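Inspection log for the structure reproduced underneath, given as structure tokens.
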Amino acid sequence: MTFEHILGLTISGLTVGMIYALIALGYTMVYGVLQLINFAHGEVFTVGGYIAATTLIYTGVDATTPLAAKIGYFALALIVSIVLTSFLGWMIERVAYRPLRKQSRITALLSAIGMSIVLQNLLVIIFGPEPIIMPTAVVPTGFIEVFGVRIRLLQVIIIVTSLVLMGLLAWIVKGTRMGKAMRATSQDMEAAEMMGIETNLTISFTFIVGSALASIGGFLVAMYYGSLQYDTGFLYGLKAFTAAVLGGIGNIYGAVVGSLILGLAENWGVGVTLGVLAWLFVFGLIAGLYVQILRAPGERVSHIAEEFRTPEYERLIRSQYQLAPVVAVKTLLSERTDALVHVSARHAVRLMAGNIVLGFFAVLFFMNGEMQFASKWQHVISFAVLMAILMFRPSGILGDNIQEKV
Amino acid sequence: MSDVVLDVHSATKTFGGLKAVNDLSFQIHAGEIVSLIGPNGSGKTTTFNLISGVYEPDSGDVLLRGESIAGLRPDQVYARGISRTFQMLRLFSNMSVMENVLVGMHGRTQANIIDCMFHTPRMRREEEVCVEKARAILAQFPGRFPESRHDQPASSLSYANRRRLEIARALAGEPKLLLLDEPVAGMNPMESMEVMQQIRDLKEAGHTILMIEHDMKVIMGASDRVIAMDHGVKLAEGAPKDVANDPAVVEAYLGRRGADTAS
């Protein structure tokens, strides 16, 4: 298991993760403003790729086309795809969601699933069930070498493009007037409306931005894998949606973090031997012990009200975390009614259980260090990682914002 | 009269069989503070919602400076010059103090998406002007919003300051009419008196205010006129003292027997 191999896997993981992120942002932004899972978003992504590929096929670009013309055609395909796909996203909201805005949430959800099926079938009707092949002439084929690892130029392009787009989005949301309207709408749509914000316009804008990002994602995937099929968006959409949940749905930074974790987990999970994966568990265990022994007790002690703060009390709470098996279990078995002591005892036991699980897996994986997951396990592993994280943080990694939403 | 800011003209709103507001008419003149009082469920909040565009009246009309605003969306009503605060605080708590006030100016700014994308000079100028205005508005609450607090999230403020920030956010819309929904709810007597003084200062600054309030001290101390409602109809209207002593109003609050004992 060489360093080069792991670096290569990391680059692949980041590439896929970035594409997930471009899609996940659309899910999470729409959820943010409407609390609606836009299930048609995966299809929007596919349509974006189809439009780009069709445009390029239509231009008849091939290996003999001069470079300047290739770049021109590429830009044309990109612009056509962004414009048409954004229009599609806008229309989906207008047709399938806005008329149902006042209805129960499950109604809009059904409408979303229906929209997704309609779009998939439209793709089959228009383009046929066979995959659409991306003209290879415009796909950059070069490699660059970093630390002795050959990386596809396209991977670098995907990662850089995504980073630029995310930066742009962060700036729109944080720094512009429309972004302020988006954040206000997502926190309290009614109040936003009464503060003079045109919420319908803001929601349309959200769909347009999300769809534009997905269309670029579709284009990049079509270039990366060379083809797209009418149902490609289903699995990508599902993965991106889970990534958004993993990061904390409604939070745009969470969507990026969740997507990268998912992309890396998929590639590392099946790309390296258990002996290497075990080190991840070791790092996890170190972080877990840091929380259990240093951070959590300190934080909990700071919650003690001034008038109850005595050295003995502080020591009791600290010892529950640091000697969790002994003191905390004793607290839980006793009939103590002191809320702070009780809550921290439960927390301590939970942290300890988590650390034991991490340690167990580390040892198990070290003992079978030469084994490796077959690549058909890829999706199983990524969803196992997802579930494990959600078990400990149900609101997602950066998902605190949701709890504030009433 | 020419100085009528708001004219509610026999407005009616029914929910199912319930007439929440029934043939309600009143006028508010420029520079006035009018209090809307009445027991719970008497239709005060529905009246506010009719004025601010949340509901459309089933019949009747709402006129702002002679122009009908009935049936407009809330953001359009806001743009015409009616802004409000809420009974239950509804600040954008993840946004900073400054951003909350800037959101209040949203409808007043011109910059469009193209401006934002390219960060045109027009937009930058406009943004600077907005921030300046927001500072001036926050400065109307002396000592409550020092510069150092401007970038803190609204959720970090104390309860009373959050209520003040809601008023500041409403002022950002440069309203012709300010609707305050229980501005002193949940405040201690000292804070209430301070807010009352603030409301009077707003009047001095030329604002016209309609407020829902339960605190009698604030009603007596701040309002020029009081409108009492019960079961969706207007019971009495006039100077605070007269309305408070009106037998029909006393009966609505205390019941018939209570009213008998009181008199």
Side-chain angles (χ1 to χ4, degrees), chain A residues 32-33 82-83 86 90 98 101-102 164-165 167-209 212 248 250-254 398-406, chain B residues 48-49 51-54 72-86 88-96 98-119 123-124 126-127 130 153-155 166 169-175 179 181:
Chain A
V33 292
I82 290 177
V83 170
S86 300
W90 173 80
R98 193 176 297 181
R101 183 99 45 83
K102 298 259 150 62
V164 170
L165 290 173
L168 194 67
L169 180 69
W171 175 72
I172 288 178
V173 170
K174 194 75 198 161
T176 69
R177 181 172 169 274
M178 203 45 160
K180 251 183 252 133
M182 278 170 74
R183 280 185 294 149
T185 306
S186 76
Q187 282 187 48
D188 189 336
M189 197 192 295
E190 258 178 44
E193 202 167 20
M194 279 186 261
M195 288 302 129
I197 290 170
E198 281 182 61
T199 46
N200 277 335
L201 189 74
T202 310
I203 290 164
S204 292
F205 179 76
T206 309
F207 272 83
I208 287 170
V209 171
N251 182 320
I252 63 167
Y253 302 102
L398 299 177
D400 293 331
N401 290 350
I402 313 176
Q403 287 162 351
E404 282 179 37
K405 226 172 252 158
V406 184
Chain B
F48 257 41
N49 285 339
I51 297 171
S52 58
V54 180
L72 292 183
R73 289 196 314 263
D75 57 292
Q76 293 168 328
V77 172
Y78 186 88
R80 302 277 155 104
I82 295 183
S83 49
R84 67 175 291 181
T85 66
F86 300 91
M88 305 292 183
L89 278 169
R90 287 176 93 165
L91 284 169
F92 304 116
S93 49
N94 288 342
M95 293 179 152
S96 72
M98 175 58 85
E99 281 177 330
N100 266 282
V101 181
L102 289 176
V103 166
M105 286 177 198
H106 187 90
R108 291 273 171 278
T109 50
Q110 305 291 318
N112 54 34
I113 290 298
I114 308 297
D115 287 330
C116 291
M117 287 293 171
F118 298 105
H119 228 244
M123 181 187 125
R124 242 170 298 163
E126 191 172 81
E127 227 170 52
C130 282
S155 55
E166 261 210 341
R169 184 178 67 175
L171 288 175
E174 294 170 14
L179 303 176
D181 198 345

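Chain letters run A, B, ... following the sequence lines, proteins first and then strands; every chain starts at 1. None of these values were measured; they are calculated from a predicted model.
Considering CD of A/Gln187 and CG of B/Asn100, their distance stands at 8.0 Å, rounded to 0.5 Å. Atoms CZ and CG, from A/Arg177 and B/Leu102 in turn, are 11.5 Å apart once rounded to the nearest 0.5 Å.
Between B/Asp75 and A/Gly196, the closest heavy-atom pair is CB-C, 3.6 Å. Contact between B/Met95 and A/Lys180 at its shortest, heavy atoms only, is CE-O, 3.3 Å. Here the closest non-hydrogen pair linking B/Glu127 and A/Gly175 is OE2-O, 3.7 Å. Across all their heavy atoms, A/Met194 and B/Ser52 have their closest contact at SD-OG, 4.0 Å. Closest of all the heavy-atom pairs between B/Tyr78 and A/Met195 is CE2-O, 3.3 Å.
Listed by chain and residue number, nothing satisfies the ring-ring contact (aromatic ring centres under 6.0 Å, His included) test with B/Phe92 (two or more places apart in sequence, or in another chain). Among residues two or more places apart in sequence or in another chain, the salt bridge (Lys or Arg N to Asp or Glu O under 4.0 Å) test is passed with B/Glu166 by B/Arg169.
With contacts defined as side-chain heavy-atom distances shorter than 4.5 Å, the pair B/Asn94/A/Arg183 does not qualify.
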